[in-house]
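One structure below.
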Amino acid sequence: MNTTLLESVTTRANHLIDPGLAIWGWQITVYLFLGGMVAGILSLSALLELRHGKPSSPIFRTAPFVALGILSLGMGALFLDLEYPFHVWRFYTRFQLASPMSWGSWILVAVYPAAFVFGLGSLDDSGRSFVRSWVPKNLEGLYDRVEKHAIERRREILTGVFFIGLGLGVYTGLLLGTMAARLQWNSALLGPLFLVSGLSTGAAFLLLTGLHEEERKRIVRWDVNAIGTELVLILLMLIGFGYGTESARFAASNFLGGPYTPVFWSLVVVLGLVVPLLMEAVEAKRHLPFTLVTPALVLVGGLALRAILLAAGQDSAFRLIP
Amino acid sequence: MTSRREFIKISGATVGAATVGSGFVNKFWGLDRDAVEDPNTDGDKVVPTFCELCFWKCGVLAHVRNGRVTKIVGNPDHPLSRGHLCPRGTGGMGLLYDPDRLKKPLLRRSNKRGGQDFEEVSWAKALDFTAEKLMKIKRDCGPDKVALFSHGYGGSFFKHLLFAYGSGNVTAPSYGQCRGPREVGFNLTFGSSLGSPEVLDIENSRVLTLIGSHLGENMHNTQVQDFARAIAKGAEVVVVDPRFSTAAGKARHWLPIKPGTDLALLLAWMHVIVKEELYDAAYLEKYATGLPELRKHLEDKTPEWAFTETTIPPEKIVETARFIAGARPASLVHPGRHTTWYGDDTQRSRAIAILNALLGSWGRRGGIFIPASMPVPKYPCPDYAAPPKTAQDHPDGTVYPFADEVLSHGVCDATVPGKIMTSGCPIKGWIVYGTNLIQALPQRQQVIEAAQHLDLMVAIDVLPAEITGYADVVLPEATYLERWDDAGPTPWREPFLAIRQPVVDPLYESKPGWWIAKELANRMELGAYFPWDDAGKMVEARLRKGGYDFDLLKAKGVIRGKRVPVTTEDGLELTFATPSKKIELYSKRMAEAGASPMPEYTRHPQPADGQFRLLFGRTPTHTFGRTTNNRFLSEVTNENEVWLSAKVARERGLSNGDRVVLVNQDGVRSEPVRLKATQRIRHDCVFVVHGYGHSSPGLKFAKGRGMDDSRLVTKIAVDPLAGSTGMSVNFVTVERA
Amino acid sequence: MSASKKRYAMTVDTRTCVGCKACVLACKSENDVPDGFCRDWIVEEVRGEFPDLSAEIRSERCNHCSDAPCVSVCPTGASNIAEGGVVLVTHGKCTGCKACIAGCPYDARYVHPKGYVDKCTFCLHRVQKGLQPACVGVCPTGTLTLGDRNDPASAVSQILRKRKSKVNHPESGADPNVFFLV
Ligand SMILES: Nc1nc2c(c(=O)[nH]1)N[C@H]1C(S)=C(S)[C@@H](COP(=O)(O)OP(=O)(O)OC[C@H]3O[C@@H](n4cnc5c(=O)[nH]c(N)nc54)[C@H](O)[C@@H]3O)O[C@H]1N2
Ligand SMILES: Nc1nc2c(c(=O)[nH]1)N[C@H]1C(S)=C(S)[C@@H](COP(=O)(O)OP(=O)(O)OC[C@H]3O[C@@H](n4cnc5c(=O)[nH]c(N)nc54)[C@H](O)[C@@H]3O)O[C@H]1N2
Ligand code: SF4
Ligand code: SF4
Ligand code: SF4
Ligand code: SF4
Ligand code: SF4
Ligand SMILES: [Mo]
């Protein structure tokens, strides 16, 4: 009997589940993108200061606050995605060890105070007295103590922020990467990939703001490494899928001939990684003037990476394996 | 220092406060253990009654919570449901709470029939109007000029009314468009028909052969239960169907026969069984006549001959014949139910009957049982004044010698002046109870033409079905969950009695059928025929008179009698009510009527290239068109699709899911409908589920969903013996919509 | 795990199931499942080419997985493991973040219009009272059986010993507890 030809019919037609999963849309894309970018901004600026002392470009004085603003936008998008937003506080009644979502929500609460203290230390005196002017009278004592620590324990804070940033970056990838049910996300490399991509988009954001020459060069150098790593990770991920189980091969096929192939290769790989990498390399070698094109492309690529992986993952269920 | 008492008081208060506090914290912080949430659909009241989503009469338990029916489950004590239900029975609430239900009596506003142009009127006005018109017809033309179309359990009150009125013209499409030829074929052979529910012991069959009968899609609850039980016990199934039906998926042998050629296969099977003497010789010796004639008749009906007709390879025919005979007498060839296919349906049913006789399955375990029942005494009531008039039921003026019920299409013909009523008065009034003639009868134009000649059409329905649009008066009946119906026995494997009683009060201004019939009777000086005030009281009186425990019946919905033998294995002595008192393999009666006394194969026209035979059937979640507006049931199946061979579809550039239109041989076009391109059907036919494609604007959910197969049944092949209308004789082409 | 601990499981006999969907509808009315959603569903698979065809019909639902990813990914504990290993969602704790939906290899969950995530409960509210789940109770073909897999005398245990069975996508690693008899 010929068992290859198959007609399969299901009566299930649940909204957001059928015909294909469509639970997460632009909100989560934006959230993951901004989250990753914030991770990059925080980690990179902390690292820069740790390695080379206080950076001189003006952006670094406010970067932690800018990052918080961006993160809040991302969290706003996440909030919009919740089907039961009034229960959002439920995230904070538990810590679920096995749930990246739970890790994420707690990391997010850690990011706010950390970035705030980081920011206080980055500001100059006038900036700090501006902040203090907003503090309510009865909290001024507390504020003063925080401010004192922010300045005096700078190194510890920088180290803390660096790691919290990394945590945030890894988390954005792990959120998807732990979902074995979505064949496309079922890869241990998704965490590192999202982290590196986050660092790269964070770098791109900083580059867009106009940095002093010396700092720009450092960041570009890191960015070149990040992009290179990202390309290697993507390659490894595809190889991993290709040589894996039937379900993994199905996942690889999405990007190797499947429906997501054109967008993935053109937007993420070529436009978002290869072109900026080449441009940065060429600019550095030939001492060409820096343009905003490269960071802009990196940002587009980073956004596309998340949007495409999010969609492809939802489009790669066990039920689709013939 | 605090005293011990104070200490206890304080700590008590602390504990109390802590309890309250932690309760609060737990409640809002979710630190409590997770409770198992209860959807709270159990009834505060559970009322037993029986189902009317189709005509099988399964016992149900209706859960009522705060006055609303929340769910309907099977009554474990009822022999037809045994605690389980088919999907339709599960969805009775969808009918009860259908927002499109008929809510008030309606009176036609304009003169034109068909437009659903009504005004809402009071019951008094609607009933006065109807009674006056009926009285006028009786005065002017005689009582036999009124016919009752009735399908469904509640029709009994209207039959009674019509007989009292003086007419015997009671008809239903469940005869001439459904079971008719089968009942005639079995009656001619065994002297008894199969009725509904069919008296089949499928549960104990070892081989079950299905000719079309698509059990599992055809969802008569007990029959499907028995089917599954048999399979679970290891029974084998043979399915003869041009389509890979659900049942075919369970079968050892699937024979994808060329439609319309089943009689050739049946004859060839019998040829093999007789030639190889695989039949039950002792049984035939004892009970049957005509084996020598049959043997001779079958001589040339070889598998090779049948192959050319059926496309079933001869080896397969021989193999399956032996397979079927090997399990006798627990080898049942299912008699089918919707048997009005090709116009020689009585002969095909006869062939099935004779084959069952050869297998010795009539009156045997695993075959056809002889049912038992519990009689209910009549309610004292005057005899009908004049004996019911003979039926004017001969379509085209032909007499159908074995039709034992009035034919619905015959009544239509007798309604059109000059068509068969060349002298005297044609039929003037129709009472239409629980049947949607527009979708149920073939040749719609002729049905509508007949309706246009009426002086009165009164439709008693629960929904604004198409037919109500042609009525002068529409009377909204309460649904089966809101009314009493009459009590009566259902002959079955074991004797039992069940009652239908109201679960909730009627919604809107709908009224139970008994009340409507009684009110009409009162207005026509026939009140003496309804000498009771309330059907519930009448039922109670009948049952108590029969010595039954009415209170138990009310509480349980059913009482079961002592089992009696229903097969020879149980100790039953078989008798046959044929003229010869034997199973008639050869039918003298048929010979006398000028018909072939043993089934003769006739070759039916086959579709030309590019045409497909239009076949139709059931889907488990719906009963014809009566449930396609049921939103609850339609959740899973809200439109039908046209099955077409995947290969043919590919050749025509059509793919699964495309929208297509079917055009029949007379140029009638279907509604646009989704295509199911599938391996599961032959290349020469298409299949569609009957009952979709409603056109009545009142059916707000169902209107325009899917296609209406009956619109395309413009051609029929009338069975010369039963007078039934074969409807599978229409050919269609498939166009892209 | 001690042998006395309950482990509810369901068997679905693909040989007897006719795909009638009574189980789907009974579930809807029992559990007040909103219009347009279902907790159980029918999959009909036909293999082969005319006329060599074979069919399998399955009534499917949440598998109440022994290693349920939906529970482990849930950040709030709304998805939890109740008596007998039955996987439940406590509506009041659910944020509708849908991580559990993404995490379920069987797409067995859906977002209830009220915002929480919902799915088959094995009708634990009935089972606790000694009743059968609605789908099991209605099924005219006796296709469905629910019982304690850790009790060797239970109907499911006996069936699983007697009949050949399989689970959907065993490679998911979730260790499902709905068994399809073939
Ligand atoms: N769910 C549900 N169940 C129902 C009903 C319902 O409305 N809904 N209605 C009930 C009633 S009243 C009736 S009468 C029965 C009808 O149900 P059945 O008596 O089972 O009706 P059939 O006409 O035999 O069924 C149609 C089947 O016959 C096949 N067929 C068509 N033409 C041919 C042919 O020439 N030869 C052969 N061998 N097969 C053919 C079709 O492919 C299809 O599978 O169903 C009953 N059960
Ligand atoms: N083309 C085509 N024609 C067919 C068939 C087919 O397969 N194809 N099948 C044939 C067969 S097998 C049969 S049995 C017949 C069946 O044909 P019908 O007996 O006409 O059956 P339905 O179409 O279900 O119509 C039932 C009507 O009763 C109404 N009704 C439902 N419940 C109640 C109630 O409690 N009280 C009242 N007063 N009304 C109620 C419904 O609203 C609906 O209008 O059709 C036959 N005609
Ligand atoms: S077979 Fe189904 S619809 Fe018909 S009476 Fe029984 S439960 Fe009701
Ligand atoms: S109710 Fe039973 S037979 Fe019907 S689809 Fe569900 S499991 Fe299958
Ligand atoms: S089937 Fe899905 S929802 Fe059910 S327990 Fe398994 S993972 Fe969770
Ligand atoms: S949607 Fe609800 S149940 Fe699912 S993971 Fe989020 S909080 Fe948990
Ligand atoms: S066990 Fe209960 S909740 Fe689960 S599918 Fe069956 S009826 Fe629905
Ligand atoms: Mo019928």
Side-chain angles (χ1 to χ4, degrees), chain B residues 27 30 33-42 63 70-74 81-91 93-94 215-217 219 221-222 224-225 227-229 231-232 244 246-250 254-256 620-621 631-633 635-637 645-647 678-683, chain C residues 13 15-26 28-33 35-38 41-42 44 46-57 76-83 86 88-93 121 123-129 132 134 137-143:
Chain B
K27 186 140 192 260
R33 283 202 55 219
D34 295 86
V36 173
E37 295 177 29
D38 190 323
N40 292 322
T41 51
D42 280 348
H63 284 249
T70 47
K71 63 184 172 194
I72 297 172
V73 300
S81 46
R82 300 183 283 207
H84 310 284
L85 289 183
C86 93
R88 301 163 295 161
T90 310
M93 308 82 67
L215 299 188
E217 290 158 288
M219 203 57 212
N221 190 2
T222 335
V224 175
Q225 290 187 26
F227 179 53
R229 286 179 182 202
I231 290 174
F244 189 71
T246 298
K250 317 274 178 208
W254 171 46
L255 309 182
T621 40
R631 288 156 173 83
F632 185 76
L633 293 179
E635 279 265 312
V636 277
T637 35
S645 148
K647 187 160 164 277
T678 174
Q679 298 293 333
R680 297 177 61 180
I681 191 164
R682 281 176 63 96
H683 65 281
Chain C
D13 191 344
R15 259 180 26 199
T16 51
C17 177
V18 294
C20 71
K21 309 169 193 87
C23 48
V24 178
L25 294 168
K28 288 188 67 105
S29 59
E30 170 65 35
N31 294 302
D32 205 8
V33 178
D35 290 355
F37 294 90
C38 62
W41 58 92
I42 307 303
E44 228 179 302
V46 174
R47 278 169 206 276
E49 218 165 331
F50 182 94
D52 290 318
L53 300 171
S54 70
E56 179 173 297
I57 307 178
T76 67
S79 285
N80 65 91
I81 296 172
E83 181 191 331
V86 172
L88 295 181
V89 181
T90 300
H91 300 159
K93 291 187 187 174
T121 59
C123 283
L124 196 54
H125 65 286
R126 288 176 63 81
V127 174
Q128 283 180 331
K129 289 184 223 156
Q132 290 184 325
V138 76
C139 175
T141 62
T143 287

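In what follows, chains are A, B, ... by sequence order, proteins preceding strands, each numbered from 1.
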Would you mind reporting whether B/Asp42 and C/Arg126 have side-chain heavy atoms less than 4.5 Å apart? yes
Residue pair C/Lys129 / B/Asp38, side-chain heavy-atom distance below 4.5 Å: yes
Under a 4.5 Å cut-off applied to non-hydrogen side-chain atoms, are C/Phe50 and B/Pro256 in contact? yes
Quick one: list whatever passes side-chain contact (heavy atoms from CB on, under 4.5 Å) with C/Cys38, sequence neighbours left out. A/Arg12, A/Asn14, C/Val24, C/Trp41
Please confirm whether the backbone N or O of C/Cys17 pairs with a side-chain atom of B/Lys250, one donor and one acceptor, at under 3.5 Å? yes
Are B/Gln679 and C/Val46 packed together at the side-chain level, in the sense that at least one heavy-atom pair is separated by less than 4.5 angstrom? no
Side chain proximity check, B/Met219 to C/Pro140, heavy atoms < 4.5 angstrom: yes
Of the backbone (N, CA, C, O) and the side chain (C-beta and beyond), which part of B/Arg631 lies under 4.5 Å from a heavy atom of chain C, both, or neither? neither
Which residues pass the salt bridge (Lys or Arg N to Asp or Glu O under 4.0 Å) test with C/Asp32, sequence neighbours left out? none
Least distance between heavy atoms, C/Val18 atom then B/Gly216 atom: CB-CA, 3.8 Å
Check whether any side-chain heavy atom of B/Asp34 sits under 4.5 Å from a side-chain heavy atom of C/Leu88, and report yes or no. no
B/Arg680 side, atom CZ; C/Leu53 side, atom CG - distance, nearest 0.5 Å: 8.5 Å
